Student: 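Sharing a structure, written as structure tokens. Questions coming.
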Protein chains: 2
Amino acid sequence: MTKHRITLKDIAEKLGITVTTVSKALKDYPDISEDTKKKVHALAKKLNYQPDSQAVALRGKGSKTIGLIIPEIVHYFFSSVINGIMNHAESNGYRVLITLSNNRLEMEKKQVNLLFSTKVDGVLVSLTNETKGTKHFDILKEYDIPVVMFDKVDNKFHCNKVTIDDCLGGYNATKHLIDSGCQRIAHIRGPKKPLNSIGRFEGYKKALIEANMVFDPSLVKECTEVVYDEGYQFCKELLKLPKPPDGIFAVTDQVGVGALNALKDAKLNIPEDMKIVGFSDSQIAQVSQPPLTTIHQPGYEIGETAAKLLIEDIELRKKDPNHMFGSKQIVLDTHLIKRGST
Amino acid sequence: MTKHRITLKDIAEKLGITVTTVSKALKDYPDISEDTKKKVHALAKKLNYQPDSQAVALRGKGSKTIGLIIPEIVHYFFSSVINGIMNHAESNGYRVLITLSNNRLEMEKKQVNLLFSTKVDGVLVSLTNETKGTKHFDILKEYDIPVVMFDKVDNKFHCNKVTIDDCLGGYNATKHLIDSGCQRIAHIRGPKKPLNSIGRFEGYKKALIEANMVFDPSLVKECTEVVYDEGYQFCKELLKLPKPPDGIFAVTDQVGVGALNALKDAKLNIPEDMKIVGFSDSQIAQVSQPPLTTIHQPGYEIGETAAKLLIEDIELRKKDPNHMFGSKQIVLDTHLIKRGST
DNA sequence: CTGAAAGCGCTTACAG
DNA sequence: CTGAAAGCGCTTACAG
């Protein structure tokens, strides 16, 4: 029942020539007669011949597939990134094999090995929050498979990286609160390990110090999951302080909107009684009431740039076996989007 | 410089046995001595041997990869579905190759061909809003590659399908508004073609008729993009009617929250002056103020079920070449989640 | 219990 | 201009 897949052999037999000639004809080798080429192309088209990409890959140069490892997919930022990656990759003839680490280091290790065994031409990765050290990526290095890290990167790993300046973003968010008249600014931060949350926290402190405001550790709350509920709860705690803040910088929009809703439930007016700034410019920030002032983080561009750098490394290496993989750090611009919450 | 990939041959040579034996030992064939197996496994581990999946696929039965075609990825529902698909697939040893149609029929056709040439073992697809007819999927049929459609399906195509009962969902949403005392209920619906938006619209009408309420076409607005802004705009238009509605059923949560915010901007009280129900139970519905009553649509389960059916077809066919691919229509339950907007 | 041999579909250096 | 041959890394039916 199952139809047999058309192979070079089929075409060769029908035309009374050899597989070799068919293969060369399809690839327009100069040493094949125009006449033969024409016949081969015509028949291939008629039979809807599709080369077996496994065989091509086994034989030769690359699978035209890049692997992606991300912590999670149900997330506005990551889906934007994926979108950027896929659009760039596909328009350059590359497939994208997406894998999930579910934010677990063990999964990340497993996925690296799987991608390696799939013989992907390159790997894009945003590290999990647990990841510390990058030994598990060494196998890719050893076998000359280029890697590009984005968003959550490791400073010591030698490869191209695409990030934003989280410290600057955190600084601008906090500065904006100061400029809007806040005197006591709280920060609901992310977990300890990821460089993003460290950077945003540093930016927060920097802005305070620059404005000669005291840094009060009791005004800093630390999320574990970085979700809406944490924003809501931490905000309630902040309100119970003897001296509550009058501004909050939240590490993400999720957390920010959680906090915003806690304020509304406590009958506070925003932005009069309290101002609040988020981070990422995800959809939720546009839709809350009031809409959330936030730091725009260019997810699509991050993905696009990461894919571009990776494919560059792949193609350059194909042409020149001595090409060294890049180790640039591309820092994309963020900017503050002022909305009703400040 | 580039390290040579460890192959069966390497292991065989170091152990002074043949490739055949190594291959069998790694797969725990019963006719290999325990002693040999131990040595082979140990060395494979030490050298971090990873089988070349291209070679495995070329040789034999399937690539252990399933292809996925979805309209878009930056979308809560689809990312939930993907999550369900990937978790089920990965725990069964399958990779997922995700491709995007960007809601364009032409892209959908292209992706089908690409997946075919990649020799995926099966294809999961949610159709674009443009798709009418399914000729472009016939190549998969011809070559006995199973297909499972989910969410946006075609009634005539013969394959397993996973959907929800949109009509019932629409009915329940509208019924809930009626039960809550609404007298004039508007519907902001989706585009004409997709079965989902048709179903939800039918359910809306059914509930009205059953309650002896008149169906007033001027209370129905039709989205093209199905986004927040359309909800906002259409709601404003509805408010301008000589006899405005006192309840709105929106085709998605995005649209619903758009409408909700339009009501708040018009200084109406929700749910006192107007009640509103969305559809999907995406994150945005939990986070709006008041949070949005909605129909929970089990995205994760839809993905999981679709992947399960597909992998079943793949595995059964592997064991029994006469196995016929399924053509069940699995309809998953939805339920209403009551929140502050009603 | 182990191995020699054939073959999956393709590409390419080499010969004619 | 065309083709015979080797080989990519693996699996498996068959022989010993």
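What you are looking at is a predicted structure, and each value in this text was computed from that prediction instead of being measured. All chains are named by letter (A, B, ...) in the order of the sequence lines, taking the proteins before the strands, and each is independently numbered beginning at 1.
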Student: What is the distance, to the nearest angstrom, from the CG atom on B:L26 to the P atom on D:dG9?
Tutor: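 Between P of D:dG9 and CG of B:L26: 16 Å.
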Student: Using a 4.0 Å cut-off on heavy atoms, which residues in residues 31-38 of chain B reach DNA chain D? List them by number, or say none.
Tutor: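 The stretch gives none, as no residue of it lies under 4.0 Å from the strand.
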Student: Stems in DNA chain D: runs of 3 or more consecutive Watson-Crick or G-U pairs, distances under 3.5 Å?
Tutor: C:1-3 with D:14-16, C:5-12 with D:5-12, C:14-16 with D:1-3
Student: List for me each residue that meets side chain to side chain donor-acceptor pair (under 3.5 Å) alongside B:T305, sequence neighbours excluded, and say none if there are none.
Tutor: none
Student: Counting only side-chain heavy atoms from C-beta out, which of C:dC14, C:dT2, D:dA5 sits nearest to B:K24?
Tutor: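 For the B:K24 side chain, the nearest candidate turns out to be C:dT2.
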Student: Could you pull out all residues at least two apart from A:Q54 that satisfy side chain to side chain donor-acceptor pair (under 3.5 Å)?
Tutor: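 Checked A:Q54 against side chain to side chain donor-acceptor pair (under 3.5 Å); zero matches.
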Student: A:N48: which residues meet the side chain to side chain donor-acceptor pair (under 3.5 Å) condition with it, sequence neighbours left out?
Tutor: A:Q50
Student: Quick one: side-chain hydrogen bond (donor to acceptor under 3.5 Å, both in side chains) pairs with a partner in residues 21-30 of chain B, sequence neighbours left out?
Tutor: B:T18-B:T21
Student: Side chain of B:T21, heavy atoms from C-beta onward: which of D:dT12, C:dG9, C:dT2 has the nearest atom to it?
Tutor: C:dT2
Student: Taking only residues two or more places apart in sequence or in another chain, which ones pass side chain to side chain donor-acceptor pair (under 3.5 Å) with A:K308?
Tutor: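 Per chain and number, A:K308 pairs via side chain to side chain donor-acceptor pair (under 3.5 Å) with no residue.
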Student: Taking CZ from A:R59 and C1' from C:dG9, how many angstroms apart are they, rounded to a whole number?
Tutor: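 To the nearest whole Å, that distance equals 11 Å.
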Student: Do the side chains of B:D313 and B:R317 get close enough for a salt bridge, i.e. N-O under 4.0 angstrom?
Tutor: no
Student: Contacts to DNA chain D from residues 44-54 of chain A, heavy-atom cutoff under 4.0 Å, which residues?
Tutor: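 Close to the strand, none.
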Student: Please report, rounded to the nearest Å, how far the P atom of C:dG9 is from the CZ atom of A:R5.
Tutor: 10 Å
Student: Can you list the steps and then say if B:E130 with B:R104 is a salt bridge (Lys or Arg N to Asp or Glu O under 4.0 Å)?
Tutor: CA-CA 6 Å; B:E130 296 182 350; B:R104 304 273 297 107; 2.8 Å; yes
Student: Under the side-chain contact (heavy atoms from CB on, under 4.5 Å) test, which residues partner B:E13, sequence neighbours left out?
Tutor: B:K9
Student: Using the ring-ring contact (aromatic ring centres under 6.0 Å, His included) criterion, which residues pair with A:H75? Sequence neighbours excluded.
Tutor: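 If we apply the ring-ring contact (aromatic ring centres under 6.0 Å, His included) test to A:H75, skipping adjacent residues, the hits are A:F78.
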Student: Output yes when at least one side-chain N/O atom of A:K27 is less than 4.0 Å from OP1 or OP2 of C:dC10, else no.
Tutor: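 No, outside the criterion.
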Student: What pairs with B:Y94 under ring-ring contact (aromatic ring centres under 6.0 Å, His included), at least two apart in sequence or on another chain?
Tutor: none
Student: Tell whether A:T20 reaches the base of D:dA5 with its side chain through a donor-acceptor pair below 3.5 angstrom.
Tutor: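 Yes.
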Student: Out of C:dT11, D:dC10, C:dG3, which nucleotide sits closest to the side chain of A:L8?
Tutor: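 Of the options given, the side chain of A:L8 lies nearest C:dT11.
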Student: Which pairs, with at least one residue in residues 40-52 of chain A and sequence neighbours excluded, count as a salt bridge (charged side-chain N to carboxylate O under 4.0 Å, His left out)?
Tutor: A:D52-B:K119
